[in-house]
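This report refers to the structure that appears directly beneath it.
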Amino acid sequence: MNPIFRFEGIYTPLVTPFGKDGEIDFDTLADVVEFLIEKGVHGLISGGSTGENYAQTVAERLEVARFCRERIKGRLPMVVGTGAMLTADSMALAGGAREMGADAILLASPPYAVPTDRENSLNALAIDRVSDLPVMLYNYPGRTGTMMGDEFLDRVGRSRNFCGIKESSGDINRLHVLARDYPHIQLGCGMDDQALEYFAWGARFWVCGGSNFLPEEHAALYRACVLEGNFDKGRRIMSAMMPLMHTLEQGGKFVQTIKYGVTLQGMDASVVRPPLKSLNKDDKRAVEQVTRVLKKTIENITSGD
């Protein structure tokens, strides 16, 4: 079965810049969008957890999505995140995505409720009916408490809109199951330190927060593995990226680290909304060092391209 939409390449889950007053900084957001398009990412996602969706109202999330859609002007696919605790909120986001002409939606399990596979699939199908857009599923049990299991995947398969999955469980056996048993659902990496393995098993896209500030380096791994089939080069690039993965995941400062990385590119996105706090000086120095070494190492690896 051919998917109704093909997710290909690096999809960046956009950060949401805020001013010192905590309000959304649309000028900087516009700069981030232009920077990513210029640097060659393949798609953009608004309203994901990297965008601090949990700290925004539905109205704010729709405003951000519409703004991004208008800035992109059809140059790249635009995916709207619909994850929310309330089904009604997810449906409002899905309906807004349809109205603004988004290319697809990102759909996660509702957090905290811990629905069964049957309940979760009925919830997903209800959201799908509102948007009637291609769906990138987002399986992240570490955040939602719910695994999108086999029964869930079988049930949502009643709608052909469910054509991709960002798999963030961290369970490598899950990768094997998806690649073997669900070939009609496009496989995407959502666990950054497993990107090489995902590409080896046929994944065609990678949703990676770090591409907000290192888009060319993330694209280099995709290009080596997927487009060139050169996994020797891919392993070298992945090895160079592993210190970044460690820095992003240590101490629960994923969003803050990415936003500081964006700030290092000349776009001040360092402010985060409560309950998060911005990085301290030691954390900032660590990000600066890791970024500097990574960029130089990958430049050396790819200089012969």
Side-chain angles (χ1 to χ4, degrees), residues 6-15 31-45 48 50 72 75-77 79 164 166-168 170 172 175 179 186-250 254 257-267 269 284-305:
R6 290 200 175 276
F7 298 104
E8 294 273 348
I10 300 299
Y11 273 70
T12 302
L14 289 160
V15 296
D31 291 340
V32 173
V33 169
E34 293 300 327
F35 167 76
L36 292 171
I37 293 175
E38 177 188 337
K39 295 299 183 181
V41 304
H42 305 90
L44 297 175
I45 302 173
T50 304
I72 294 169
R75 290 174 287 174
L76 294 181
V79 183
K166 175 191 176 186
E167 177 60 34
S168 301
I172 203 69
L175 164 60
Q186 298 167 81
L187 179 60
C189 178
M191 208 67 183
D192 290 346
D193 62 359
Q194 296 176 350
L196 189 76
E197 289 83 355
Y198 271 76
F199 289 143
W201 276 87
R204 301 286 303 188
F205 70 96
W206 180 14
V207 181
C208 37
S211 64
N212 273 282
F213 66 103
L214 293 169
E216 293 170 301
E217 289 73 20
H218 285 73
L221 182 65
Y222 164 77
R223 186 168 58 252
C225 295
V226 177
L227 301 184
E228 301 171 7
N230 188 341
F231 280 88
D232 287 336
K233 183 200 286 187
R235 280 189 291 272
R236 291 163 62 203
I237 295 172
M238 191 72 207
S239 179
M241 298 185 82
M242 290 306 289
L244 172 68
M245 311 304 183
H246 177 71
T247 300
L248 288 174
E249 295 297 341
Q250 68 180 0
F254 184 83
T257 300
I258 289 171
K259 296 191 84 171
Y260 184 63
V262 173
T263 301
L264 291 176
Q265 304 305 310
M267 301 165 288
K284 288 178 179 179
R285 278 195 293 269
V287 177
E288 292 164 11
Q289 180 178 359
V290 164
T291 300
R292 183 169 56 251
V293 172
L294 182 154
K295 288 174 72 71
K296 183 62 176 177
T297 304
I298 294 180
E299 180 184 2
N300 289 337
I301 295 170
T302 60
S303 58
D305 289 356

Donor-acceptor check, side chain of [X] to backbone of [Y], threshold 3.5 angstrom: yes or no?
X	Y	result
T12	L44	no
R75	I72	yes
T247	P243	yes
Q194	G170	yes
S303	N300	yes
N212	I258	no
T263	K259	yes

Drop me the distance from [X]'s [atom1] to [Y]'s [atom2], to the nearest 0.5 angstrom.
X	Y	atom1	atom2	result
T257	K284	OG1	NZ	11.5 Å
R223	N230	CZ	CG	11.5 Å
E228	Y222	CD	OH	11.0 Å
F199	F231	CZ	CZ	8.0 Å

Which atom of [X] lies closest to which atom of [Y], heavy atoms considered:
X	Y	value
V226	A203	CG2-O, 3.8 Å
D192	G209	OD2-N, 4.3 Å
P215	V41	CB-CG1, 3.6 Å
G190	S168	O-OG, 2.9 Å
A219	I10	CA-CG1, 3.8 Å

Could you tell me whether the side chain of [Y] reaches within less than 4.5 Å of the side chain of [X], counting heavy atoms only?
X	Y	result
M245	E249	no
L175	E167	no
M241	H218	yes
E217	L221	no
H246	M242	no
I237	L196	no
F213	L244	yes
L214	I298	no

Test log, rule side-chain contact (heavy atoms from CB on, under 4.5 Å), inputs V79 and V207: CA-CA 11 Å; V79 183; V207 181; over 6 Å; no
Parallel, tilted or perpendicular: ring planes of Y11 versus F205, cut at 30 and 60 degrees: perpendicular
Option passing side chain to side chain donor-acceptor pair (under 3.5 Å) with E8 (candidates H42, R204, Q186): R204
Q289, CD atom: more than 12 neighbouring heavy atoms under 6.0 Å: no
